[in-house]
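Quick note on labels: first sequence line is chain A, next is B, and so on, each numbered from 1.
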Amino acid sequence: MKNPANDDVSIADVKEFVRVGCAVQGIDLDEAAVGRVVEVFARNARIAALVTDWPLPDEQDPAALLRLD
Amino acid sequence: MEGALEIARAVRSGERRAIDVVDATLAHIERADPHLNCFTHVAADRARLHAEALDASRRAGRDPGPLAGVPFAVKNLFDVQGIPTVAGARTRESQPPARADAVLVGRLSAAGAILVGALNMDAYAYGFTTENTAYGATRNPHDPMRIAGGSSGGSGAAVAAGMVPVSLGSDTNGSIRVPASLCGVFGLKPTFGRLPRTGTYPFVANLDHLGPFATTAADLARVYDCLQGHDAGDPGCVRRPAEPTSAALEADVAGLRVARLTGYFDEWASDVARTASSRASEALGATCAIELPEVARARAAAFVITASEGGALRLPELRERYADMEPHSRDRLVAGALTPAAWYLQAQKVRAWFLARVREVFDRFDLLVAPATPVPATPIGEDWLELNGTRLPLRPNMGILTQPISCIGLPVCAVPVTGVSRLSTGVQLIAAPWREDLCLRAAAWLERQGVARCEGPKEN
């Protein structure tokens, strides 16, 4: 998975992702806020890389598995 | 500082009237709160009415309850009948007033405790400092130039200042344990699913816990005992009978298998925090120091789950009222709402993996000890934290030591350790799921040994 924490994704890519993501979600983010959100998103991505880039030692069940018992 | 059990004993015996306790409490709040900014609402009329009814009931020979006349206040994400539940956000002031009290407010009131107000917090509970731009920063009673911690900062500071002997807060990633540590009071984050959240404003349904603050372990245990019990209004609340803890508090800790957590918990702690953890561990007879596996990944899982669920929950407000929202949290909520589902699902898997590994540790140990905060209270307005040569953004990292534990729902008592620093610093006493009794027993033991104590603020 591509991750902004990795070198293969540029800040320009993240800016575009934030702009498009907000538009899709219906958030009217003004241009002045884009830089701040990009900064937070990039930080989240660096932290998320600790889970996304780690092959779990044993495969887990899907976390939200529906159980009817 | 007058404790809850002391007040309840005096009111139950008729030695004091509840109305006198309430009047003294309201006077104290009026005097102290302008300097500390703990309260966002003072429920003076309600408190006086309740106190007068309680006094009349006692005179009529009825049992006034185990917490008779004990004043308490709640983080302003708890529903309080008649006022809007603002959850630290100015945008929520236009909400209609709550039609009923939150279940836990109702349980304390039924036990005779008297609600005197609602307390400041980080907006939406998304923060560790209670530097709320709309309602102002809550100040630390031990040094008003410093933060109280968050997000239940008002709850920690009001108890530390002696304005109320008991308060309620919430803890998603550390929001009871961080202010308890920085303000020097006792706080309990029970097992996930133990206490019902019915009638509170949510932040992250998968991680939200509610719990009490108090000035002694005995007060904390008694209040916690009054809060227990299932409620169908919270789908996350486990159907489990109440398991009272107060009676076993006097037991010593001989036979308890205690370990100090090291590795990650040392790496991200200052000398002061490490010393507090060592001092508490030694007093509890810890036989060794151990490392939990992959703690940084567990913390990252908590971080991702929080960002994603927190952002998703606030989407309607982000769409409608972005410009009016609290600036410290709104950009983080937007970024969270953009979290890819693959990150979130992987975080949940890591969380499940970590819980399984930590459960194995509890086959060998009954209690784990770790620092609660990386450093004591920092100055209000500070943006950065220097920790063992690493510069970190302060606001998200004050909970760096609490997040991995709440991520897997373990019960934790935060305990203020004495003799370590001029400023308060606390440790986490962590037990296996549903063993709050062990956390509280260890807290009471540390208090009896003089290792833990809630010290009132010196005159400021």
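Atom CD of E382(B) is surrounded by more than 12 heavy atoms from other residues, nucleotides or ligands within 6.0 Å.
When all heavy atoms of A335(B) and V40(A) are compared, the closest pair comes out as CB-CG1, 3.6 Å. Shown here for L50(A) and A300(B), the closest heavy-atom pair between the two residues is CB-CB, 3.7 Å. Nearest heavy-atom pair, G336(B) versus N44(A), reported as atom, atom and distance to 0.1 Å: N-ND2, 4.4 Å.
If you take CG on L318(B) and CG on D28(A), they are separated by 11.5 Å, rounding to the nearest 0.5 Å. Between atom CD of residue E39(A) and atom CZ of residue R332(B) there is a gap of 12.0 Å, rounded to the nearest 0.5 Å. Taking CG of D331(B) as the start and CG of L29(A) as the end, the distance is 7.5 Å to the nearest 0.5 Å. Atom CD of Q346(B) sits about 9.5 Å away from atom CG of D53(A), to the nearest 0.5 Å. For the atom pair R297(B) CZ and L56(A) CG, the distance stands at 9.0 Å (nearest 0.5 Å).
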Where do R43(A) and F303(B) land on the side chain to side chain contact (heavy atoms under 4.5 Å, CB included) test, with the steps shown first? CA-CA 11 Å; R43(A) 189 185 69 213; F303(B) 197 97; 4.2 Å; yes
Please walk me through it: do F41(A) and W343(B) pass ring pair (Phe, Tyr, Trp, His ring centres under 6.0 Å)? CA-CA 12 Å; F41(A) 189 85; W343(B) 297 6; 5.5 Å; yes
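Proximity to chain A is limited to the side chain of A307(B), based on heavy atoms less than 4.5 angstrom apart. Residue R299(B) touches chain A through its side chain alone, counting heavy-atom pairs closer than 4.5 Å.
For the set R330(B), E320(B), R319(B), the count of heavy-atom pairs under 4.5 angstrom toward chain A peaks at R319(B).
Here the side chains of L338(B) and V18(A) are in contact, with some heavy-atom distance below 4.5 Å.
Side-chain atoms of Q25(A) never come within 3.5 Å of backbone atoms of L315(B) as a donor-acceptor pair (strictly under, hydrogens ignored).
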